[in-house]
Protein chains: 4
Amino acid sequence: MVSRRGRPRSSAVREKVVRAAADLALDGGPGAATVDAIAKRAEVSRTTIYKWWPSASAIVLEGLLDSVRDTIVRPPGSTTVQALEHHVGALFGLVADPAVGPLLRNVIAASVSDPAIERALMDQWITPRRAAVAVTLRDAVAAGELPARTDVEVAVDALVSPPYYRLMLGMAPLDDAGVAALVNTVWCGCRATRKVSGP
Amino acid sequence: MVSRRGRPRSSAVREKVVRAAADLALDGGPGAATVDAIAKRAEVSRTTIYKWWPSASAIVLEGLLDSVRDTIVRPPGSTTVQALEHHVGALFGLVADPAVGPLLRNVIAASVSDPAIERALMDQWITPRRAAVAVTLRDAVAAGELPARTDVEVAVDALVSPPYYRLMLGMAPLDDAGVAALVNTVWCGCRATRKVSGP
Amino acid sequence: MVSRRGRPRSSAVREKVVRAAADLALDGGPGAATVDAIAKRAEVSRTTIYKWWPSASAIVLEGLLDSVRDTIVRPPGSTTVQALEHHVGALFGLVADPAVGPLLRNVIAASVSDPAIERALMDQWITPRRAAVAVTLRDAVAAGELPARTDVEVAVDALVSPPYYRLMLGMAPLDDAGVAALVNTVWCGCRATRKVSGP
Amino acid sequence: MVSRRGRPRSSAVREKVVRAAADLALDGGPGAATVDAIAKRAEVSRTTIYKWWPSASAIVLEGLLDSVRDTIVRPPGSTTVQALEHHVGALFGLVADPAVGPLLRNVIAASVSDPAIERALMDQWITPRRAAVAVTLRDAVAAGELPARTDVEVAVDALVSPPYYRLMLGMAPLDDAGVAALVNTVWCGCRATRKVSGP
DNA sequence: TTCTAATCGAGACGGTACGTCAGGTCTTCTC
DNA sequence: GAGAAGACCTGACGTACCGTCTCGATTAGAA
């Protein structure tokens with residue numbers, strides 16, 4: 001067993017910082033989660049923060065990923081459509097969650113000017129969620145439920161883009177009926193699609 | 001017509017400022033278009049800038065809207081699908097345009113922390129483009145090409161969200177085939193949709 | 001008449017800053033006169049301070065020079081010895097002054113690690129005071145009161161070094177009798193000096 | 001004698017630390033000898049340094065005293081003037097030594113804001129050197145070489161202040177001839193002095 | 001023409017946050 | 001117990017932008 005030398009990192013610090021960042025980002029509006037403000041609220045030294053995180057947004061992102069640790073699994077025994085609705089519905093619910101959406105919006109905005117955030121967001125948030133939907137769709141293609149020519153990436157885009165789009169532009173999220181309609185439309189669209197430039 | 005007394009506003013100033021902001025935002029990366037930098041580059045006084053614009057992002061937005069003044073019209077004599085492809089294709093092209101996309105991304109990020117930008121962006125960019133697509137879809141419903149139960153807002157979301165989504169997350173834009181597939185999928189999906197929770 | 005463009009510099013700011021620095025350096029001990037503390041005490045923005053002064057020590061130096069603006073003049077109609085005693089006595093008095101000595105000590109300490117302070121201190125404080133004494137001595141040589149071989153620089157050193165030496169090392173300053181004795185010793189020494197390496 | 005329990009203090013550590021401090025203070029300029037830098041250069045833990053020394057300046061001072069361990073003795077069989085010249089010349093030489101002067105300047109500057117350094121510097125450097133000169137002068141008074149009214153403290157000041165003064169202000173040190181002239185002037189001045197306020 | 005009201009430029013000023021550096025203290029493991 | 005490693009806090013540093021402010025210089029219609 002390898003026990004590190006020196007004083008061990010305090011887990012309390014990490015928690016206080018991440019929680020403070022989330023609190024500030026949530027009820028202080030975006031731009032409130034500065035390193036200074038986080039340090040003050042968490043009662044932690046700014047220096048320590050800079051030692052562990054490269055920016056305020058990185059902290060917010062960490063809090064975001066912390067709060068959403070539920071594994072992305074397909075409900076056992078579900079049909080393809082049920083699985084799709086589960087995945088997409090969960091995503092919509094998440095983005096519309098008042099404790100998650102604002103953080104995500106914050107982080108996406110920050111990712112515009114911070115490649116590191118962009119990468120982390122992509123790797124740890126976007127890609128896993130796209131993958132879950134994509135796998136379900138590809139299984140359906142393999143099972144013959146969807147035609148072989150189905151463009152999975154495009155279908156995934158159609159299914160997952162709207163919540164981000166509405167989030168970033170400050171539009172109200174789709175309600176449950178809207179979500180169901182979206183899934184239904186894309187599902188039927190994939191099945192009904194004919195060759196694009198046919199006779 | 002009552003022409004004001006005093007020195008009239010110099011149009012040269014507006015142009016220099018807007019151009020400088022766009023240049024900075026484009027090749028300096030986001031965050032480069034600060035008021036200070038714009039003032040220096042445009043060789044205009046900071047005071048003057050503050051007199052006419054509330055923020056740097058507002059200038060970038062103005063430049064964005066300036067550069068995209070093409071009227072959003074339905075090509076005369078086009079079928080519904082052709083019209084849809086034209087509208088959606090134009091939008092995708094715009095967002096993928098290296099002289100437009102970055103500015104837009106910039107402005108959307110700024111809109112997160114600036115309600116005024118959010119409003120202006122919504123009113124002058126998002127809403128008109130959604131409206132064009134929505135009108136086409138509603139016409140199709142009226143003409144019996146699409147079923148009456150079609151949820152137009154959802155269809156619009158599916159059609160227009162992907163480019164913004166990919167733009168904000170730094171993903172490569174869909175290529176032409178992808179765009180065509182998307183339009184086709186949604187169109188077919190709307191036509192083929194059955195009642196969501198049928199027996 | 002050249003009237004500057006732009007908002008004119010506020011003289012109140014300069015005064016408040018310089019006074020605050022002096023106050024802090026005097027009753028807060030050395031090391032108390034940081035830029036932060038000065039800004040807070042003077043109720044002036046740190047930015048503004050950095051615009052006009054390169055360091056806290058520069059401000060203290062400015063305050064020092066401000067408070068000692070008395071022209072260095074030889075009393076009219078004085079004999080050489082009287083003039084010397086006046087000059088040297090004034091210097092001793094200044095350095096022993098509780099409102100001047102601590103500032104000077106502060107600045108000399110800072111000059112060790114700041115060439116700009118070193119230069120300014122030299123040019124605006126040390127050199128003028130050495131010069132006054134040197135001129136008086138040289139006049140005495142010219143008048144035949146002192147032998148031609150008198151090493152003026154050495155005599156100046158002997159006369160002016162002690163107060164700085166005692167100041168820097170925290171020793172009590174010489175009292176009036178000590179000052180008189182010093183002047184007398186050096187004066188007589190210069191007159192009585194024989195060739196250093198005689199037969 | 002009871003030898004302490006536990007690991008004894010490593011003399012290697014002391015040497016490495018002191019040497020590192022001296023090296024940094026000499027070729028890194030003042031301000032370079034921070035505790036951090038010393039720890040890094042000496043490859044010693046900061047904690048260890050803080051355990052044995054109260055400040056970086058204390059280390060520099062220790063190095064200074066280490067490097068100048070020559071006993072201050074009067075050359076046997078010397079005349080008073082020879083002894084004085086020896087003492088004062090040694091002091092001048094020391095202060096002008098490029099391996100000693102900068103350290104001393106450093107320490108004096110630090111003593112301004114650190115009473116402990118001030119005390120140590122006084123007790124272990126200044127006082128012994130003043131004492132050596134004072135004893136010689138007092139012996140001369142006792143022997144009748146100098147008048148009884150000689151103010152020894154003042155004479156000591158005149159003899160030893162100049163090198164410190166020039167050191168602290170960054171002035172070039174006096175050359176050998178200057179030193180000889182200084183000693184000669186003060187010696188003759190002490191012998192020739194008449195009552196200060198005579199008729 | 002002269003007045004007058006506006007624009008525009010220059011620059012001072014107060015703020016807030018940034019990211020870094022050094023000083024100290026404390027905790028833990030290793031020798 | 002000495003020493004190494006390193007986490008942590010404090011406080012100051014100097015910089016970048018922000019937004020406001022006070023000026024003078026310029027411009028062109030209105031009196």
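Chain identifiers are assigned alphabetically (A, B, ...) following the order of the sequence lines, protein sequences preceding nucleic acid strands; residue numbering begins at 1 within each chain. Hydrogens, waters and symmetry mates play no part in the numbers below; they use all other heavy atoms, side chains included.
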Taking only side-chain nitrogens and oxygens of [X], does any of them come within less than 4.0 Å of OP1 or OP2 of [N]?
X       : N      : result
A:Thr48 : F:dC9  : yes
C:Thr47 : E:dG14 : no
B:Lys51 : E:dC8  : no
A:Trp52 : F:dC8  : yes

(message) Which is more 5' along DNA chain E, the nucleotide nearest C:Lys16 or the one nearest A:Ala37? Just name the residue.
(response)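 Taking each residue's closest nucleotide, the earlier one in sequence belongs to C:Lys16.
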(message) Return whichever of D:Gly31 or C:Gly6 has its heavy-atom-nearest nucleotide of DNA chain E closer to the 5' end.
(response)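 Looking at the nearest nucleotide for each, C:Gly6 comes out on the 5' side.
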When all nucleic acid strands are considered with a 4.0 Å heavy-atom cut-off, which category describes [X]: base, sugar-phosphate, or nothing?
X       : result
A:Ser10 : sugar-phosphate
C:Trp53 : nothing
A:Thr34 : sugar-phosphate

(message) Check whether C:Trp53 forms a cation-pi arrangement with C:Arg9 (NZ or CZ under 6.0 Å from the six-membered ring centre, at most 45° off the ring normal).
(response)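 So C:Arg9 does make the cation-pi contact.
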(request) Would you indicate which nucleotide in F:dA25, E:dC8, E:dC18 comes nearest to any side-chain atom of B:Arg9? (result)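 Per side-chain heavy atoms of B:Arg9, the pick is E:dC8.
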(request) Name the closest nucleotide to the C:Arg7 side chain, picking from F:dA7, E:dG19, E:dA12. (result)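 In terms of side-chain proximity for C:Arg7, the closest of F:dA7, E:dG19, E:dA12 is E:dA12.
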Could you state the atom-to-atom distance from [atom1] of [X] to [atom2] of [N] in whole Å?
X       : N      : atom1 : atom2 : result
C:Ile49 : F:dA12 : CD1   : P     : 13 Å
A:Glu15 : F:dC8  : CD    : P     : 12 Å
B:Lys40 : F:dC17 : NZ    : C1'   : 11 Å
D:Asp36 : F:dA12 : CG    : C1'   : 15 Å
B:Tyr50 : E:dG11 : OH    : C1'   : 14 Å

(message) Please determine whether any donor N or O and acceptor N or O are separated by less than 3.5 Å between the side chain of C:Arg46 and the base of F:dG14.
(response)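 Between F:dG14 and C:Arg46, which were checked side chain against base, a qualifying N/O pair under 3.5 Å is present.
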(request) Please evaluate the base of F:dG3 for a donor-acceptor partner in the side chain of D:Ser45 within a cut-off of under 3.5 Å? (result)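 Counting by modelled atom types and ignoring angles, no donor-acceptor contact under 3.5 Å is found here.
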(message) Could you check whether any side-chain N or O of C:Arg14 sits under 3.5 Å from a backbone N or O of C:Ser10, counting only pairs where one atom can act as donor and the other as acceptor?
(response)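 Not a single qualifying donor-acceptor pair exists.
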(message) Can you tell me how far apart CG (C:Asp23) and CZ (C:Arg41) are? Round to the nearest 0.5 Å.
(response)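 Rounded to the nearest 0.5 Å, the CG-CZ separation comes to 4.5 Å.
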(request) Assess the side chains of C:Ser57 and C:Ser55: does a donor N or O sit below 3.5 Å from an acceptor N or O? (result)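 Distance-only check fails for C:Ser57 and C:Ser55.
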(message) What I want to find out is whether C:Arg105 reaches D:Glu118 closely enough, with some N-O distance under 4.0 Å, to be called a salt bridge.
(response)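 Here C:Arg105 pairs with D:Glu118 in a salt bridge, since their nearest N and O are under 4.0 Å apart.
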(request) Could you pick out which residue, C:Ala56 or D:Val44, lies toward the 5' side of DNA chain F when each is mapped onto its nearest nucleotide? (result)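 Between the two, 5'-proximity favours D:Val44.
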